[in-house]
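Note that this is a predicted model, so its numbers are computed, not measured. Letters A, B, ... are given to chains in the order of the sequence lines, protein chains preceding strands, and every chain is numbered from 1.
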Amino acid sequence: MEKKEIAKSYDFKEFEDIIYHQWETSGYFNPDNLSGEPYTIMMPPPNVTGVLHLGHALENSLMDVMARYQRLLGKKVLLVPGTDHAAIATQAKVEKMLMAGGITNPRAELGREGLLIKVREYAEQSKATIISQIRKMGTSCDWSRLAYTFDEVRSKAVNEVFVRMYNDGLIYRGYRVVNWSVIGQSTCSDDELNHVDREAKLYTFKYSQDFPITIATTRPETKLGDTAVAVHPADERYQRFIGQTFTVDVGAATPLEIKIIADESVDPKFGTGALGVTPAHSMVDYEMYVKQKTLGTPIGMVAVIDQFGKMTEAAGQEYTGLSVLVAREKFVGWLKEQGLLIAEEDITQSVGTSDRFGDVVESLPMTQWFVDVNKPIPGKDKNIKELLIEVLAIGHNGDAGQKIEVTPTRYEKIYFNWINQLRDWCISRQIWWGHRIPVWYRGGEQYCGLTAPEGEGWQQDEDTLDTWFSSGMWTFSTLGWSGFEFDKTNDLKTFHPTSWMQMGYEIFFLWMIRMILMSLYTLNEIPFKQVYIHGMLRDASGKKFSKSSGNNIDPLEVVAQYGTDALRFSLLNGVTPGNDSRFYLEKVEAGRNLVNKLWNIARYITSSGLSKVDILSISPETLSAADCWILHQAAKTILQVSRDMEACRFSQACETLRQFTWDDLADWYLEASKFEKSEAKQIILQRILSDLLILWHPFMPFVTEAIWQEMLLQKDLIISQWPNIDDYKQFIVDEKAAQFELAKVIIIAIRNARSEHRVEPSRKLEAIIHATENKDVIINQLEIITALRTGLGKVEFSEKTEKVENAILVSIGSIEIYLIGAIDAEKEKVRLEKDLAAIIKRKDLLSIKLSNQEFIAKAPAAIIAIEQQKLAVLRNEQSQIEAQLSSL
RNA sequence: GGACGAUUAGCUCAGUUGGUUAGAGCGCUACAUUGACAUUGUAGAGGUCAGAGGUUCGAAUCCUCUAUCGUCCACCA
């Protein structure tokens, strides 16, 4: 057979783009061309705010590892790629760029349509970049199903769900206190806030000389809108005032009516133990306001700050139009003049800032749209909160088959904790980039529908929806769901609920909860069966990657230098679910070295031509100890890796594979095969290589595919079959495999001894165990120890063997070791005698090691059996769930 | 204040549900070198598994407490 010259090292540049193109055109990324049980993963859609970073590279690696593994198991795998329009994030980014370009107020100068054109241009450009980057990572996604949260199908789905929820009374419009970004001119949800510590002054004062209670505040200007003072109900100092109302004039438009109320949440030990209540400008105070209202003892609400961060007329003539900071000084000045200010103290305060715009958010009462999480869903007699708890606790409607599993499980605890404090979700945003709220107004009329109502004079709501409203629908909007008539698309029936979802813990609640909520509400199905939480990537010193710290690394640059496989390996190896990991180039280098090692193993194995005979045609009796051992190691590896993959222990799987590839295969078996050549060895090597490529393929798709095609001359690695150990089983003979383990120990001991005696080792001193054939060999460690100690009868030397030149045969017990590569056999013999003498001196070490061998000697078949059982358990559990699901 | 992590070799981290002698990668030291591979090979040094108690035949692993670091949530009016 004619063979072409294979390069000495793997050149990824020569293969990656070509191979990706092959995959794409092969059609195997598209499950329509595959058969088997469906397996679905929806790519968490990257925001169209720019280019992909290493975090995305990690996500792509994770989802692709799983997708490729499942495909090799023979499943109909769907991995849907997509992008997210990321409402606020994208608009904020474009506005910043426009402002940097000289447009001081983009919204005012460009208008709604004008600004949207700019944002759209930017988004489209980002999308193109992102998509090319995903390709570069080797992600095996179905490009024919590419989705975008803001495209036509997805937008239709958004409107459809909004209208349904509106009609079910789950979406309502209300006047409530919300987080407001003055710079962004928009609301922010609680989850979009970052809490930062800053210096503040705590002022202690009284509203008036005759007011009985002293209060403290860091926001004196808001006190112009106070309507109550709250104290702890058990606080003896203030109990007698509870229920009373005082009228005080602090300069606001109308004198303040301050009612003394009792509230458990007041800490009697903090400050004066009394709290001035400003319902309009504090979330906590607003909640007291609501509580008082339900109790039938309402208090007032006065907004003194407007949406531009300026004081309103309600704050009084002197304050109207002032910024909050100026108003604060003015009010403090007034308190001083009046002798009402009692103390002023520096404290550190934690304030909420807008995630996207960076300014400190104001709490303002506004009319906004909300999703009610406490109202029972019509026809389900459970509210959203209860549903959210149910799916993780016992499964949807108590069905264990509809239970969501989270890896690692500790996140489940955090989830429940979080759901308990879930408040109504504010879904309206005062920005323009996003799905516009499908509600129209005319006079006092309000209409909600998919399209504008008939008739003149209807005005659509100006606001857009929170970006998570659309990404919450991602698991099914990507499958073409967009309303009643599409409810039962084939894709939806086949691929939903999806099988596996992975996300970073930083968006665990933000996104996961919304996906569950949307899917349960819309389809009455869980969105996914398993969630895998990954940690954040940090730089070598443990810092977060960010633009501001200038430590950003472009994944494409790493790929250009080391190749995609090396990068993927470095991202997956040494990383455990839910934990942060550090990224540094040495790790990528290690990956590259491994990739190259694999390439060279393959090069060596295939260099003498390919055998056409299959492993099954070998008769087990003809195998040497080394053959038997490597087949056993291979079988064990296959089982362990399979188990690790089932349990999402990707790092562990990498480690197991690396160990087998480098230590077992390259360093021992391949070396042994150099001087114990046999036809069987070639067949075994070829078979192991072939299976090894399949095992590695999810982690390093390119190099495995390159070897598969270039050296094994085969096609379609991507849909080949995950190795099965049944073919290996018949070759696993405990005694033989154990003999090789034992030989390894002896060889290492000899090497040690050489090294201790500073004996120059001959060039390439290698050794191999040769099982005595046609004899029942029983490993008797005592026999061996005795032989080594005494150097008597059973240790023999011979000058040469028939098979290899310059080799010395040493027989120890029933084991024969060939020491290979000796230049001078006579000299070598003398050395070896010395070495053996040294070993005998170190008998403690040796005997310990040999006693360890005793364990291994019994193990091989038993280990295989145990591993196989464990894997079966893992897979069985899953197939039981599948069975339950399909029976519904 | 509440919750959740982490603490293992010089560095970065594994450790599969308690099991014989605690592992890997990188780094370091010594040695080797023409045919699979220097993106290499062989060997070596290096650990009181944060600390203290407890459970157990047996603990890095389970329980309690302490210390240090980190993250999230709530919050200081």
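Pairing partner, B:U12: B:A24, with both Watson-Crick or wobble hydrogen-bond distances short of 3.5 Å. In this structure, B:G70 forms a base pair with B:C4, meeting either the Watson-Crick or the G-U wobble geometry with both donor-acceptor distances under 3.5 Å. If you check B:G18 for Watson-Crick or wobble pairing at under 3.5 angstrom, you find it has no partner at all. Pairing for B:U61 is absent, judged as Watson-Crick or G-U wobble with the two contacts each under 3.5 Å. Under the Watson-Crick or G-U wobble criterion, with both distances below 3.5 Å, B:G35 is left unpaired in every strand shown. Look at B:U29: its Watson-Crick or wobble partner, with both distances under 3.5 angstrom, is B:A43.
Picking from B:C72, B:C26, B:A77 the nucleotide with the shortest atom distance to the side chain of A:Phe509 gives B:C72. Of the candidates B:C26, B:A36, B:U16, B:C26 carries the atom nearest the A:Ala590 side chain, counting heavy atoms from C-beta on. Among B:A77, B:C37, B:C73, the nucleotide with an atom closest to any side-chain atom of A:Trp418 is B:C73. Minimum atom distance to the side chain of A:Thr217 is reached by B:A77, of the listed B:A24, B:A77, B:C26. Of the listed nucleotides (B:U71, B:U12, B:U40), B:U71 has the atom at the smallest distance from the side chain of A:Arg538. Taking the side chain of A:Gln652 as heavy atoms from C-beta on, and the options B:A36, B:U39, B:A14, the nearest nucleotide is B:A14. Closest to the side chain of A:Lys8, from the set B:C37, B:A36, B:C4, is B:C37. If you check B:C4, B:U71, B:A77 against the side chain of A:Lys413, the one that comes closest is B:C4. Closest to the A:Lys223 side chain, of the nucleotides B:U16, B:A77, B:A36, is B:A77. Taking the side chain of A:Arg643 as heavy atoms from C-beta on, and the options B:A14, B:U16, B:G25, the nearest nucleotide is B:U16.
A donor-acceptor distance shorter than 3.5 angstrom exists from the side chain of A:His281 to the backbone of A:Ser363, with no hydrogens or angles considered. A distance-only check finds a donor-acceptor pair linking the side chain of A:Asn551 to the backbone of A:Lys544 [under 3.5 Å]. Listed for the A:Thr217 side chain is a donor-acceptor partner under 3.5 Å among the backbone atoms of A:Arg219.
For the C1' atoms, the distance linking B:G47 with B:U12 amounts to 16 Å, nearest Å. A distance of about 11 Å separates the C1' atoms of B:G51 and B:U7, rounded to the whole Å. Comparing the C1' positions of B:A74 and B:U61 gives an interatomic distance of 33 Å, to the nearest angstrom. Taking atom C1' in both B:C49 and B:A6, the straight-line distance is 13 Å, to the nearest Å. Taking atom C1' on both B:A9 and B:A45, the two are 10 Å apart, rounded to the nearest angstrom.
Across the protein-nucleic acid pair, A:Gln659 atom CD and B:A14 atom C1' stand 12 Å apart, rounded to whole Å. Rounded to whole angstrom, the span from the OH atom of A:Tyr584 across to the C1' atom of B:C13 amounts to 7 Å. Counting to the nearest Å, the P atom of B:A77 and the CD atom of A:Glu264 are 20 Å from each other. Straight-line distance from the NZ atom of A:Lys587 to the P atom of B:C26: 13 Å, rounded to whole Å. We find that CG of A:Leu657 is positioned 19 Å from P of B:A14, with the value rounded to whole Å. Atom OH in A:Tyr604 sits roughly 14 Å away from atom C1' in B:G41 (whole-Å rounding). Atom CG of A:Asp663 is separated from atom C1' of B:A43 by 14 Å (rounded to the nearest Å). For the pair A:Glu287 CD and B:A74 P, the interatomic distance rounds to 11 Å; values are reported in whole Å.
Across all strands shown, A:Ala666 has heavy atoms under 4.0 Å from base atoms, whether or not it also approaches the sugar-phosphate. Nucleic acid contact for A:Ile215: none, since no nucleic acid atom lies under 4.0 Å from a heavy atom of the residue. Residue A:Val284 is in sugar-phosphate contact alone, with no base atom involved, counting any heavy-atom pair closer than 4.0 Å across all strands shown. Base engagement by A:Ala274 is indicated by at least one non-hydrogen atom pair under 4.0 Å involving a base atom. Contact annotation for A:Thr218: backbone-only contact, meaning every heavy-atom pair under 4.0 Å involves sugar-phosphate atoms and none involves a base.
Not one side-chain nitrogen or oxygen of A:Lys597 sits closer than 4.0 Å to the OP1 or OP2 atom of B:C37. Residue A:Trp662 has a polar side-chain atom (N or O) positioned under 4.0 Å from OP1 or OP2 of B:G41. At least one side-chain nitrogen or oxygen of A:Thr576 sits closer than 4.0 Å to the OP1 or OP2 atom of B:A14. Taking 4.0 angstrom as the limit, A:Arg410 places none of its side-chain polar atoms (N or O) nearer than this to OP1 or OP2 of B:C4. An OP1 or OP2 oxygen of B:A24 is reached within less than 4.0 angstrom by no side-chain nitrogen or oxygen of A:Arg658.
Between the CZ atom in A:Phe508 and the OH atom in A:Tyr415 there is a gap of 7.5 Å [rounded to 0.5 Å].
Not a single donor-acceptor pair, N or O on each side, falls under 3.5 Å between the base of B:U12 and the side chain of A:Arg582.
Each of A:Gly273 and A:Glu589 was matched to the nucleotide of RNA chain B holding its nearest heavy atom; the match closer to the 5' end belongs to A:Glu589.
Proximity of the aromatic rings of A:Phe331 and A:Tyr203 is defined here by a centroid distance below 6.0 angstrom, and this criterion is not met.
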Under the ring pair (Phe, Tyr, Trp, His ring centres under 6.0 Å) criterion, do A:Phe241 and A:Tyr238 qualify, and how do the steps go? CA-CA 6 Å; A:Phe241 300 115; A:Tyr238 308 122; 7.0 Å; no
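No donor-acceptor contact under 3.5 angstrom links the side chains of A:Asn600 and A:Tyr10, judged on distance only. A:Trp708 and A:Ser690 share no side-chain donor-acceptor pair at under 3.5 Å.
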